[in-house]
2 protein chains.
Amino acid sequence: MGTKPTLHEVAAAAGVSLASASRALTGRSASPEMVRKVRAAAKRIGYLPDATARSLRLGGHRQVVFAVDDIGNPNYVQMLRAIEEELGDAIRLSVSATGRRPDQTVELIRSLSMGAGDGLIISPLRVTPALRQALAETVVPVVVIGTLHSDLGIDNVYVDSSVAVGMVVDHLVAIGRRNIGVINGPGNTNPGAARRAGFAAAVRRHDLHPSESLQITATDFTVSAGIEAATLLFTRAREDGEALDAVVCVNDLIAIGAINAAMRLGLRVPEEIAITGIDDTEMAALYNPPLTSVSLQSARRGRLAARMLRERFADPARPPQRESVEATLVVRGSTMAEAS
Amino acid sequence: MGTKPTLHEVAAAAGVSLASASRALTGRSASPEMVRKVRAAAKRIGYLPDATARSLRLGGHRQVVFAVDDIGNPNYVQMLRAIEEELGDAIRLSVSATGRRPDQTVELIRSLSMGAGDGLIISPLRVTPALRQALAETVVPVVVIGTLHSDLGIDNVYVDSSVAVGMVVDHLVAIGRRNIGVINGPGNTNPGAARRAGFAAAVRRHDLHPSESLQITATDFTVSAGIEAATLLFTRAREDGEALDAVVCVNDLIAIGAINAAMRLGLRVPEEIAITGIDDTEMAALYNPPLTSVSLQSARRGRLAARMLRERFADPARPPQRESVEATLVVRGSTMAEAS
DNA sequence: TTGTATGCGTTATCAT
DNA sequence: ATGATAACGCATACAA
């Protein structure tokens with residue numbers, strides 16, 4: 001009773017052959033009486049068809065898994081949508097949240113070898129040694145969206161997000177802001193580290209010398225973390241008497257948090273303080289004020305990754321591919337008042 | 001060459017047995033020489049393991065499919081996240097966009113019988129006769145999120161969105177607004193029709209008599225459609241000299257479009273015009289001004305649906321379940337200036 | 001270590 | 001219309 005009933009047991013319970021049971025449930029060619037008997041037996045013993053077995057027999061479609069830390073992140077949502085589109089009806093797409101436990105991605109890659117899927121697309125926040133190891137050993141194809149050493153021999157699509165930070169700093173300097181603070185994300189992630197480095201390089205290039213107290217780290221890439229960090233940044237600048245006319249945030253969510261914090265403190269955006277994000281989320285264009293941001297082309301990256309996987313399915317022997325995507329600055333109202 | 005190579009052919013190409021080929025690739029117990037030969041042969045003929053077969057042999061997990069019109073819709077994203085969480089690691093979750101073609105949902109239900117999945121969660125915008133038919137016939141369990149006649153015998157979780165509209169109208173009247181316009185969504189959808197009816201009932205209840213010109217229909221449940229519709233509404237009201245101090249929008253995206261349109265026309269929100277949404281999207285709380293909305297508890301609905309499916313897996317024979325969720329009003333700055 | 005044979009749960013082919 | 005059986009692609013128990 002505790003085990004999962006098979007079609008075999010349905011047939012036994014109904015007192016008919018296996019083949020008849022199958023036909024009665026799929027409705028191919030069976031007498032009304034047979035259908036009645038079989039469906040009754042199936043319901044009685046609690047039979048549910050096994051999708052895997054059906055799929056095997058019927059020559060089912062390929063399945064690819066898309067694994068990200070947080071499905072709710074708008075960035076990943078864009079990727080998800082693009083991947084789904086690119087894969088089309090012929091390939092089924094599963095999503096898997098890996099953010100709950102560390103190195104869950106590694107388990108996932110290993111589980112691929114147990115039939116979890118025919119291919120995998122991941123966008124890992126951190127590339128741990130264990131992950132590198134798993135990537136090197138995998139037999140089923142994996143595409144990584146994010147920074148990755150090329151000698152791993154893994155299909156890869158990436159974008160240099162450190163230059164993205166450079167672009168916003170360039171823009172801020174160009175419109176006359178020189179007292180630029182920054183809200184970083186956690187430094188122990190790949191994007192976090194890259195953007196942190198990008199900011200350091202940019203201020204050096206422009207000969208800016210932001211005080212340490214204007215460089216702050218949010219605990220997470222979220223709006224609430226952004227509010228918290230920005231509030232601290234603004235009050236600290238005020239107390240210390242530090243000039244501050246712009247804040248670079250390392251993603252849109254933090255930036256929106258920063259705008260919220262600024263307003264609560266009565267700071268006007270962009271007149272008193274310019275605020276920028278990164279990712280060019282849908283919300284950026286819609287926000288009030290609209291958020292200046294840098295598009296990292298998430299949709300395009302997702303589409304490219306999906307295409308790479310399709311092409312690898314078609315030709316498993318071809319050399320590993322690498323493609324990159326250009327960051328593009330999108331200037332909006334959070335740094336410049338709109339032309340009237 | 002055009003067909004998909006199987007392990008059998010790898011074994012043949014390597015001149016070893018099927019079992020040895022299997023072991024060499026999974027790395028169980030095989031000599032280095034064997035591993036080398038087999039992996040070489042596999043690479044040469046372009047072998048990729050079949051996930052379905054592996055999963056069948058290894059006793060793979062259940063797979064459920066979540067099908068919605070647009071994966072990008074924040075509403076569905078919340079559901080997706082909750083479903084993923086509730087299902088846990090033991091059940092794999094696939095997403096499927098059904099918005100591309102009409103009645104693609106029906107095809108999906110039928111394709112379930114071909115091994116596409118062990119269970120299905122759908123949130124259809126429209127319940128067509130064909131869909132009803134497919135639901136009545138399906139052998140694999142389906143949970144419908146949305147309005148559904150109970151005699152279909154399908155597990156169902158729903159929320160009455162017509163009362164949601166009533167709640168915002170009550171609120172607007174309570175704060176002294178009586179010249180209330182509305183931006184509806186497409187009427188040929190389930191939510192669209194329900195909310196339209198809800199508005200009609202509410203204005204009747206409060207003895208309001210909004211002129212026809214203040215009741216408008218957006219072409220879609222999107223921000224851009226909202227901007228378009230709201231612009232038309234505001235300019236029309238201005239030209240006709242109609243008083244207008246509030247606009248009920250049937251979802252958050254349209255409402256945000258309406259706020260955008262209002263600002264472009266120089267209308268102050270909420271002082272001159274109050275604007276409300278429905279869905280209580282994440283963006284609602286973060287927007288500027290924060291959007292008064294009605295939570296339809298998407299996350300909770302998703303979680304309930306996932307749980308229903310799990311419970312049906314556990315006991316296929318139990319009677320069909322129905323659960324509902326309460327709409328709750330969330331008052332924010334788009335209708336009332338914040339307390340200072 | 002390697003090969004042979006069986007079975008995972010289902011549908012399709014071929015008889016009857 | 002129904003029943004017996006092979007096959008889908010793979011991993012493993014067993015024998016060698």
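Every value quoted in this text rests on a predicted model; they were computed, and no experiment measured them. So you know, we letter chains A, B, ... as the sequences are listed, proteins then strands, and number each from 1.
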Fill in: Separation of C/dT10 C1' from B/L56 CG (nearest whole Å)
8 Å
Worksheet item: Distance from A/Q63 atom CD to A/L112 atom CG, nearest 0.5 Å?
Response: 10.5 Å
Worksheet item: Quick one: is C/dG3 close enough that its OP1 or OP2 comes under 4.0 Å of any side-chain N or O from B/S20?
Response: yes
Worksheet entry | Distance, rounded to the nearest Å, where B/E9 contributes CD and D/dG9 contributes P | 9 Å
Worksheet, complete the sentence: Here the distance between atom C1' of D/dC10 and atom CZ of B/R28, to the nearest Å, is 15 Å
Response to the item:
dist A/S17:OG -> A/M34:CE (nearest 0.5 Å) comes out at 6.5 Å
Worksheet entry | Crowding at CZ, A/R132 (>12 non-hydrogen neighbours, <6.0 Å) | yes
Worksheet item: Using a cut-off of less than 4.0 Å, is there contact between a side-chain N or O of A/R54 and OP1 or OP2 of C/dG9?
Response: no
Worksheet entry | Options D/dG9, D/dT12, C/dT2, nucleotide nearest the side-chain atoms of B/T6 | D/dG9
Worksheet item: Across the strands shown, which category fits A/R23 at heavy-atom distances under 4.0 angstrom: base, sugar-phosphate, nothing?
Response: base
Worksheet item: Which heavy-atom pair separates A/L152 from A/L135 by the least distance, and what is that distance?
Response: CD1-CD1, 4.3 Å
Worksheet item: Can you list the steps and then say if B/I145 with B/V68 is a side-chain contact (heavy atoms from CB on, under 4.5 Å)?
Response: CA-CA 10 Å; B/I145 302 179; B/V68 290; over 6 Å; no
Discussion item. Using a heavy-atom cut-off of 4.0 Å across all strands, would you classify A/L18 as base, sugar-phosphate, or nothing?
Written reply: base
Discussion item. So if I take every side-chain heavy atom of A/R57 and compare against D/dA7, D/dA4, C/dG3, which nucleotide ends up nearest?
Written reply: D/dA7
Item to complete: Whole angstrom is fine here: how far is it from NE2 in A/H8 over to P in C/dT10?
Response: 11 Å
Item to complete: Step by step, work out the salt bridge (charged side-chain N to carboxylate O under 4.0 Å, His left out) result for B/E33 and B/R36.
Response: CA-CA 5 Å; B/E33 176 58 13; B/R36 197 198 53 74; 3.1 Å; yes
Discussion item. Does B/R28, at its CZ atom, have more than 12 non-hydrogen atoms belonging to other residues, nucleotides or ligands within less than 6.0 Å?
Written reply: no
Discussion item. Over all strands shown, is B/L7 touching base, sugar-phosphate only, or nothing at heavy-atom distances under 4.0 angstrom?
Written reply: sugar-phosphate
Practice prompt. Evaluate whether atom CZ of A/R126 has more than 12 neighbouring non-hydrogen atoms of other residues, nucleotides or ligands under 6.0 angstrom away.
Written response: yes
Practice prompt. Consider the side chain of A/D50, meaning its heavy atoms from C-beta on, and name the nucleotide among D/dT12, D/dG3, C/dT10 that approaches it most closely.
Written response: C/dT10
Item to complete: Take atom CG of A/L58 and atom P of D/dA6, then tell me their distance rounded to the nearest Å.
Response: 20 Å
Item to complete: Verify the contact: side-chain N or O of A/S22 to OP1 or OP2 of C/dT11, cut-off strictly under 4.0 Å; return yes or no.
Response: yes
Worksheet item: For DNA chain D, what string of dots and brackets results from 5' to 3' when Watson-Crick and G-U pairs need both distances under 3.5 Å, crossing pairs get [ ], and pairs with another strand get |?
Response: ||||||||||||||.|
Worksheet, complete the sentence: Between B/S113 and B/S29, whichever has its closest DNA chain C nucleotide further toward 5' is B/S29
Practice prompt. Describe the nucleic acid contact of A/T26 in one word from base, sugar-phosphate, nothing, applying a heavy-atom distance below 4.0 Å.
Written response: sugar-phosphate
Worksheet item: Roughly, in whole Å, what's the span from CZ in A/R36 to P in D/dT2?
Response: 12 Å
Discussion item. Under 4.0 Å from OP1 or OP2 of C/dT2: is there any side-chain N or O of B/S31 that close?
Written reply: yes
